[in-house]
Amino acid sequence: MLQKPFRLRRSVDVKRVRQQGKGWRHPLAILLVTKSDQDVSRFAFIASRGVGKAVVRNRARRLLRESVRLHMDEVMAGWDCLFIARAATAGASFADVETAVLQLLSRAHLLDHNAPERHEEQSNT
RNA sequence: CAGGUUGGCUGGGUGAUCGCGGCUCAUUCCGCGAAGCGUAGGCCAUAAGCCGUAACCCGAUUACGGAUGACCGGUUACGGACUACGGAUAACGGAACCAUGGGCUGAGGAAAGUCCGCACUCCACAGAGCACGGCGCCGGCUAACGGCCGGGCGGGGAAACCCGACGGCAAGUGCAACAGAGAGGUGUAUUGCUGGUCAUGGCUGCGGCCACAACCAGUGAGGGUGAAACGGUGGUGUAAGAGACCACCGGCGGUGGCAGUAAUGUCGCCGGCCAGGCAAACCCCGCCGGGAGCAAGGCCAAGCAGGGCAGAGGGGCUGCUCGUCCCAUUGAUGUCCGGGUAGGCUGCACGAGGGCGUCAGUAAUGGCGCUCCCAGAUAGAUGGUCACCACCCCAUUCGUGGGGAACAGAAUGCGGCUUAUAGGCUGACCUGGAAA
RNA sequence: GCGGGCGUGGUUCAGUGGUAGAACGUCUCCUUGCCAAGGAGAAGGCCACGGGUUCGAAUCCCGUCGCCCGCU
């Protein structure tokens with residue numbers, strides 16, 4: 001779980017994103033996005049029963065969530081994002097899921113390239 | 001040593017780093033603010049404080065000094081309790097639950113399937129009968145169970161051991177394709193065997209013998225069909241045969257003794273000779289079952305708007321009948337149109353609880369003592385990355401390198417069952433071989 | 001959480017104890033110069049899976065798997 005302000009918690013919000021959101025597809029995940037009136041961007045992660053059993057669904061959601069968490073400060077504010085796991089998500093490695101998430105976010109033009117590159121800072125320390 | 005049977009335990013570890021949920025503490029703000037402190041006020045006196053002083057005591061020696069100072073007289077400072085005010089703190093309560101920091105803690109043996117059983121909660125206290133559903137050898141355990149333990153019986157296995165929906169088909173009804181003479185009651189004949197009637201042919205030593213058609217009668221032994229054909233073996237009997245009769249055996253019904261709480265076992269006696277199979281066919285017998293479910297239920301917040309038509313009945317807790325209760329002509333209820341909500345808290349984590357010991361019991365289990373506190377999410381936490389060690393597989397120049405690591409994720413809780421499961425540890429038993 | 005149903009040739013479905021069928025599709029042949037339509041014929045099933053009851057199971061019972069639906 002992300003920290004509370006960054007979670008998309010109410011079912012009405014999720015429904016709104018599902019119905020009105022613009023979508024981008026990747027073999028490992030689907031991203032739906034709508035503009036919100038919030039100061040921050042909020043995220044939700046969905047794995048349907050088609051993805052697998054409970055263990056597999058948990059695994060898929062955790063991988064997606066962790067990928068988003070590590071790059072959250074690069075994402076522009078004020079968007080509601082809905083990540084939907086696919087059948088291959090749980091079987092993939094974390095690195096693959098991470099690149100897939102970054103690809104989806106950049107295709108949705110949500111990455112703020114002026115933000116500090118946390119990744120490099122981490123590897124330097 | 002090899003093969004097998006069966007029970008129990010476990011379900012990777014350590015560290016670094018970036019994160020998440022819960023509880024808790026501190027930091028922030030607010031409320032209420034005790035004792036104590038300060039100020040003011042009067043009150044208390046039987047005061048141990050102060051003043052005076054007799055006596056006693058000590059030193060000096062007849063004068064006094066010192067200390068303690070009773071009684072008595074006086075006094076009011078300290079004191080005592082009280083009242084009012086003052087500013088503060090602890091504790092408590094609340095807000096915020098946002099941020100930061102600290103501490104503790106965070107998936108399973110099946111959390112799974114939802115197949116049973118309970119707790120808990122609500123319902124118009126749920127009564128009777130029928131229906132319906134479940135269970136089904138006996139005894140025990142349990143809150144309860146379709147569970148567990150022990151025992152019996154039947155089946156499998158060489159054995160350890162395993163498996164069994166294991167009440168009733170001489171209460172009734174029903175079912176059995178094909179094949180077969182006949183498939184459910186007293187019934188069956190175009191095979192066979194036997195006798196009779198009337199012929200025919202062959203042989204003849206004239207007494208008969210053999211073969212065979214038709215009809216009538218007896219028979220169910222032999223052959224044959226089938227999953228299954230109305231007991232088995234031996235004899236008596238007969239024209240041929242048959243439980244027709246007899247002996248033994250098996251099975252059945254009744255009855256009695258002994259062992260056992262019982263299921264049952266065992267030993268007799270009597271009967272009739274057989275009364276078949278299927279109740280996971282209807283059913284009968286015995287026992288059990290009110291219904292719904294934590295989205296139960298309780299509290300709070302927010303929001304809205306009613307109207308048309310039908311209408312005297314409607315309503316349960318599957319169904320029906322009776323009974324009972326609730327709502328309803330102040331319009332219940334049904335239906336159509338329209339409007340509002342999709343939040344929070346609680347239930348919700350101390351329990352039929354875990355561990356250890358001990359006692360009772362063959363055991364399941366129970367009693368007692370000590371000890372521990374052990375997830376509570378809500379678009380749903382328990383995760384990501386890296387390193388090392390242990391495990392398995394492959395390669396190996398024996399240094400190491402590469403890969404793999406099961407089944408599976410709490411959602412009110414608990415007791416079972418069932419199903420999935422890589423590997424590891426360990427107890428007991430059986431059979432065979434070898435050695436001593 | 002509670003409850004119900006389904007699984008049969010490639011597809012849609014019958015069959016409710018006695019040797020598994022229909023329609024469409026597929027294939028072969030006929031018809032046509034060729035195709036369609038039409039006609040004749042054929043192939044194709046361990047009845048989802050594993051046990052049990054029964055002489056015998058697609059059917060009855062138990063368990064497993066998958067799919068679908070309803071209520072709250």
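In what follows, chains carry the letters A, B, and so on, assigned in the order in which the sequence lines appear, proteins first and then strands, with residues in each chain numbered from 1.
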Spacing of the [atom1] atoms in [M] and [N] (rounded, Å):
N	M	atom1	answer
B:C389	B:G402	P	13 Å
B:A377	B:G101	C1'	25 Å
B:G357	B:C414	P	25 Å
C:C65	B:G409	P	12 Å
B:G376	B:A411	C1'	9 Å
B:A124	B:C327	C1'	10 Å

Tell me if [N] is syn or anti. Syn = glycosidic torsion within 90° of 0, anti otherwise.
N	result
B:G257	anti
B:C258	anti
B:G399	syn
B:G109	syn

- Given B:C18, is OP1 or OP2 found less than 4.0 Å from the side-chain N or O atoms of A:R65?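 For B:C18, OP1/OP2 do not have a side-chain N/O of A:R65 under 4.0 Å.
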- Look at the side-chain N and O atoms of A:R62 and state whether any lies under 4.0 Å from the OP1 or OP2 oxygen of B:U382.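 Answer is yes, contact under 4.0 Å.
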Of all the nucleotides listed ([options]), which has the minimum atom distance to the side chain of [X]?
X	options	answer
A:A54	B:A410, B:G384, B:C18	B:A410
A:N58	B:A379, B:G19, B:G409	B:G409
A:R59	B:G383, B:A107, B:G384	B:G384

- Task: Flag yes if more than 12 heavy atoms outside A:K22 fall under 6.0 Å of its NZ atom; otherwise flag no.
- Result: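 Atom NZ in A:K22 is not packed in, count stays at 12 or less.
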- A:R25 atom CZ, neighbour heavy-atom count above 12 within 6.0 Å: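 Open.
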- Closest-nucleotide 5' rank along RNA chain B - winner of A:K53 and A:F43: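 Comparing both residues, the 5'-ward one is A:F43.
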- Message: Need to verify one output field. Residue with the more 5' nearest nucleotide on RNA chain B, A:R61 or A:V55?
- Response: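 By nearest-heavy-atom nucleotide position, the 5'-most residue is A:R61.
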- Kindly compute the distance separating CZ (A:R62) from CD (A:E66), expressed to the nearest 0.5 Å.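 The CD atom of A:E66 is 11.0 Å from CZ of A:R62, to the nearest 0.5 Å.
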- Query: What's the spacing between A:H71 NE2 and A:E98 CD if we round to 0.5 Å?
  - Reply: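 Here the interatomic distance stands at 3.5 Å.
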Distance, rounded to the nearest Å, where [X] contributes [atom1] and [N] contributes [atom2]:
X	N	atom1	atom2	value
A:R57	B:G380	CZ	C1'	12 Å
A:L32	B:A379	CG	C1'	14 Å
A:M72	B:G384	CE	C1'	15 Å
A:F45	B:G383	CZ	P	17 Å
A:F6	B:G380	CZ	P	15 Å
A:R49	B:G380	CZ	C1'	17 Å
A:I84	B:A379	CD1	P	17 Å
A:F94	B:C18	CZ	P	15 Å

Between [X] and [Y] (side chain of the first, backbone of the second, donor and acceptor by atom type, cut-off under 3.5 Å), is there such a pair?
X	Y	result
A:R86	A:H26	yes
A:S41	A:G78	yes
A:R42	A:D80	no

- Could you tell me whether the side chain of A:F83 reaches within less than 4.5 Å of the side chain of A:I30, counting heavy atoms only?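 No, too far: nothing below the 4.5 Å cut-off.
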[N] pairs with which nucleotide, Watson-Crick or G-U wobble, both distances below 3.5 Å?
N	result
B:C407	B:G108
B:G276	none
B:C82	B:G41
B:A48	none
B:A364	none
B:G146	none
B:A95	B:U28
B:G313	B:C327

- Secondary-structure string, 5' to 3', Watson-Crick or G-U under 3.5 Å, | for another-strand partners, for RNA chain C: ((((((((.[[[[.)..(..]]]].(((((.......))))).....[[[[[..)....]]]]]))))))).
- Item | Non-hydrogen atoms of A:V51 and A:A60 that approach each other most closely |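 What the structure gives for the nearest pair is CG1-CB, 4.5 Å.
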- Query: Out of A:L28, A:L102, A:V97, which residue meets the side chain to side chain contact (heavy atoms under 4.5 Å, CB included) rule with A:S67?
  - Reply: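 In the set A:L28, A:L102, A:V97, the residue that makes a side chain to side chain contact (heavy atoms under 4.5 Å, CB included) with A:S67 is A:V97.
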